[in-house]
Amino acid sequence: MSRRRHLLSLRQSAPAVLPSLLLCDFANLEQEVRRLEQAGVQALHLDVMDGRFVPNLTYGMPIVEGLRAVTDLPLDVHLMIANPERYIEQFYRAGADIITIHVEATREPAALLRQIRDLDCGAGIAFNPDTSLEQIEGCVEHCDLALVMSVEAGFGGQSFQPVALDKLRAIRGMVRDEVLLEVDGGINKTTVRQCVDAGAQLLVVGSAIFRQPDYSVAVEDLTNLACPA
Ligand code: DX5
Ligand code: ZN
């Protein structure tokens with residue numbers, strides 16, 4: 001079955017809160033996944049950092065594979081690595097459903113997005129707060145998802161940068177209707193609604209879930225704020 005089917009289900013369940021697996025309890029990863037499944041999340045956002053593109057080091061294919069083995073939730077893999085072209089095929093084989101590259105990390109973003117799509121995965125393009133929209137103009141036609149960073153990529157627990165709201169509004173006019181708009185960094189009960197009003201469909205959340213005692217309550221509160229009845 002095509003992994004790209006998840007793009008449609010995410011569009012249909014938007015706005016959706018996606019947990020970012022960075023501040024979770026890696027000593028009990030399967031348990032964490034069960035708690036997130038019980039909280040009713042639509043997908044898992046995986047933060048892959050290489051210590052080169054960003055000044056932090058997290059995890060790679062083995063964690064993606066391990067998660068693939070214990071859940072059917074879509075895996076939304078956020079690559080914060082230099083030369084992502086070297087690893088696309090391996091993340092695909094590890095079980096990624098959506099692979100997002102940073103426009104600042106490669107000279108050929110359009111070609112890479114096409115390669116990801118040819119693997120039948122969802123293809124995402126991400127860009128940092130200081131990166132202008134002009135930089136993604138040449139590749140947005142090849143993406144299924146645009147990830148607007150609302151913090152400088154590299155760490156959880158940072159403060160939300162409001163410039164992301166202007167970018168969300170602007171990028172909606174640059175991409176096809178079916179392109180998913182994702183925002184990542186500093187999303188919490190104060191900022192979640194502003195992001196949805198600016199056009200965000202996927203809201204990546206780290207500390208506002210994983211620093212809470214009850215993940216279900218945290219996800220429910222954020223979801224209720226994101227889409228009030
Ligand atoms: C940062 C990552 C984010 C981060 C979000 O580079 O891409 O996904 O984990 O964490 P919070 O919600 O704590 O900012
Ligand atoms: Zn992320």
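Counting begins at 1 with the first residue of the sequence. Treat the numbers as computed from the prediction; the structure is a model and nothing was measured. Atoms within a ligand are numbered from 1 in the order they appear, just like the ligands themselves.
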Polar atom proximity, Glu152 to ligand 1 (N or O, under 3.5 Å): no

Check: Asp120 main-chain N/O paired with Arg117 side-chain donor or acceptor under 3.5 Å: no

Per-atom contacts of ligand 1 with His78, taking only distances under 4.0 Å to non-hydrogen atoms: 7 (O)

Options Gly186, Ala153, Gly206, ranked by nearest heavy atom to atom 14 (O) of ligand 1, top entry: Gly186

Cys121 SG to His6 NE2 distance, which is reported to the nearest 0.5 Å: 9.5 Å

Any N/O pair Ala208/ligand 1 closer than 3.5 Å: no

Test item: Leu22 and Phe155 side chains (from C-beta on) under 4.5 Å apart, heavy atoms: no

Salt-bridge criterion met for Arg34 and Glu37 (N-O under 4.0 Å): yes

Interatomic spacing from CG in Leu202 to CG in Leu180 - rounded to 0.5 Å: 5.0 Å

His78, N/O/S atom nearest the Zn ion (ligand 2): ND1

Main-chain N/O of Gly199 paired with Arg169 side-chain donor or acceptor, under 3.5 Å: no

Any side-chain heavy-atom pair of Leu18 and Asp184 under 4.5 Å: no

Minimum-distance protein heavy atom relative to atom 1 (C) of ligand 1: Phe155 O, 3.5 Å

Numbered atoms of ligand 1 (with element) below 4.0 Å of Gly157, judged on heavy atoms: 11 (P), 13 (O), 14 (O)

Ligand 1 versus Ser207: contacting region, heavy-atom distance under 4.0 Å: both

Ligand 1 atoms in contact with Leu22 (distance to a heavy atom under 4.0 Å): 9 (O)

Subset of ligand 1 atoms that lie under 4.0 Å from at least one heavy atom of His45: 8 (O)

Val204 N/O under 3.5 Å from ligand 1 N/O: no

Among the N, O or S atoms of Asp184, the one nearest the Zn ion (ligand 2): OD2

Side-chain donor/acceptor of Glu104 to backbone N/O of Asn128, under 3.5 Å: yes

Closest approach of any protein heavy atom to atom 3 (C) of ligand 1, naming residue and atom: Asp184 OD1, 2.9 Å

Distance from atom 9 (O) of ligand 1 to nearest protein heavy atom, with residue and atom: Ser20 OG, 2.8 Å

Atoms of ligand 1, numbered as shown, that sit under 4.0 Å from any heavy atom of Gly185: 14 (O)

Closest protein heavy atom (residue, atom, distance) for atom 6 (O) of ligand 1: Gly154 N, 2.8 Å

Proximal ligand 1 atoms for Met49, defined as those under 4.0 Å from one of its heavy atoms: 6 (O)

Side-chain donor or acceptor of Arg3 paired with backbone N/O of Tyr92 under 3.5 Å: yes

Of the N, O or S atoms in Asp47, the one nearest the Zn ion (ligand 2): OD1

Aromatic ring pairing His78/His45, orientation class (parallel under 30°, perpendicular over 60°, tilted between): tilted

Ile88 vs Leu119 side-chain heavy atoms within contact, under 4.5 Å: yes

Atoms in ligand 1 with a heavy atom of Gly156 nearer than 4.0 Å: 10 (O), 13 (O)

Atoms in ligand 1 flagged as close to Met80, the criterion being non-hydrogen separation under 4.0 Å: 6 (O), 7 (O)

Check: Asn56 main-chain N/O paired with Arg52 side-chain donor or acceptor under 3.5 Å: no

